[in-house]
Amino acid sequence: MAEVPDAEEAAAPEEGGRDEPETRYGVPVTHSRGQVVLHPTREQLVDLVRMLRDDEDFRVCVDVTAVDYLTYEAHRDLPPGMTGERFEVVVNLLSHRRRERLRLRVQVPADDPTCPSLFDVHPGTEAMEREVYDMFGITFTGHPDMSRILMPEDWEGHPLRKDYPVGMIPVQFKGVQNAR
């Protein structure tokens, strides 16, 4: 029969237990859908990605995207003590040797929507960062060409922001009479 711990032992957290937030590479960690998720600050991002590329074999940057949490009310699964901001830049890295994916979630405040560019570490992020800029208005500092890539240069606003007005352009199909 298994021994039942007394109340004092049950109340005491184990070393590295759930009371202490888990960290890897000096940044907080969560887990989502079988993936490790790192939560670096904007200041830690470039050095962390460079270290992961050079020392940990995460040599491929699969994606750079963003999320606008303006109207999101559900739990965001952030590490204890971390404050969620309006925007989040999400970087997905891949290690072929390890057969692993790694996700990085960086909190970006609405009053300073900037994040350092990963272009110097992964040149393939150039178009992905421009797309995030174009759609969300998050500027990547140190990027070689921070200009629109999807919308016309004279477009005002950023269409994937939750406060961007929703519009509609009627679609006209050939050979169909409009009943209006």
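Atom set for the values below is all heavy atoms of this structure, side chains included, hydrogens, waters and symmetry mates excluded.
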In plain terms, say whether [X] and [Y] are close enough for a salt bridge, that is, a side-chain N and a carboxylate O under 4.0 Å apart.
X	Y	result
Asp57	Arg98	no
Arg50	Asp55	no
Arg86	Asp163	yes

Without swapping roles, check the side chain of [X] against the backbone of [Y] for a donor-acceptor pair under 3.5 Å.
X	Y	result
Glu85	Gln107	no
Glu129	Ser117	no
Arg130	Met146	no

Joint cluster assignment, [X] & [Y], ILVMFWY side-chain distance < 4.5 Å:
X	Y	value
Val27	Val91	yes
Val106	Val62	no
Val132	Val121	yes
Met51	Leu104	yes
Leu52	Val29	yes

At what distance, to the nearest 0.5 angstrom, does [atom1] of [X] lie from [atom2] of [Y]?
X	Y	atom1	atom2	answer
Met151	Asp154	CE	CG	9.5 Å
Lys162	Leu160	NZ	CG	7.5 Å
Leu48	Tyr25	CG	OH	8.5 Å

Per side-chain contact (heavy atoms from CB on, under 4.5 Å), Thr30 is matched among His39, Arg76, Glu22 by His39

Selection residues 42-75 - residue pairs positive for ring pair (Phe, Tyr, Trp, His ring centres under 6.0 Å), sequence neighbours left out: Tyr69-Tyr72

Residue pairs meeting ring pair (Phe, Tyr, Trp, His ring centres under 6.0 Å), one or both in residues 118-139, sequence neighbours left out, come to Tyr133-His158

side-chain contact (heavy atoms from CB on, under 4.5 Å) assessment of Val49 paired with Cys61: CA-CA 9 Å; Val49 171; Cys61 182; over 6 Å; no

If you group Ile, Leu, Val, Met, Phe, Trp and Tyr whenever their side-chain heavy atoms sit less than 4.5 Å apart, what else falls in with Leu78? Met82

If you apply the rule salt bridge (charged side-chain N to carboxylate O under 4.0 Å, His left out), what do you find for Arg148 with Asp134, and how did you get there? CA-CA 5 Å; Arg148 291 198 179 267; Asp134 204 1; 2.3 Å; yes

Paired with Gln35, the side chain to side chain donor-acceptor pair (under 3.5 Å) test is passed by just one of Arg103, Arg101, Glu100, namely Arg103

Identify the two heavy atoms, one from [X] and one from [Y], that lie closest to each other, and give their separation to 0.1 Å.
X	Y	answer
Ala110	Pro113	O-CD, 3.4 Å
Pro116	Thr141	CA-OG1, 3.4 Å
Arg161	Asp68	CA-OD2, 3.3 Å
Arg59	Arg53	NH1-O, 2.8 Å

Using side-chain contact (heavy atoms from CB on, under 4.5 Å), reason through Leu102 and Asn92 one step at a time and then give a plain yes or no. CA-CA 6 Å; Leu102 186 63; Asn92 289 290; over 6 Å; no

Pairing residues for Met128 by the side chain to side chain contact (heavy atoms under 4.5 Å, CB included) criterion, not counting sequence neighbours: Asp63, Val64, Thr125

Going by the rule salt bridge (Lys or Arg N to Asp or Glu O under 4.0 Å), which residues pair with Glu131 if we only count those two or more places apart in sequence or in a different chain? none

Looking at residues at least two apart in the chain, or sitting in another chain, which of them share a salt bridge (Lys or Arg N to Asp or Glu O under 4.0 Å) with Arg105? Glu88

Is it true that the side chains of Thr114 and Arg42 contain a donor and an acceptor less than 3.5 Å apart? yes

Check against side-chain contact (heavy atoms from CB on, under 4.5 Å), Ser147 and Glu153: CA-CA 8 Å; Ser147 61; Glu153 284 294 328; 3.9 Å; yes

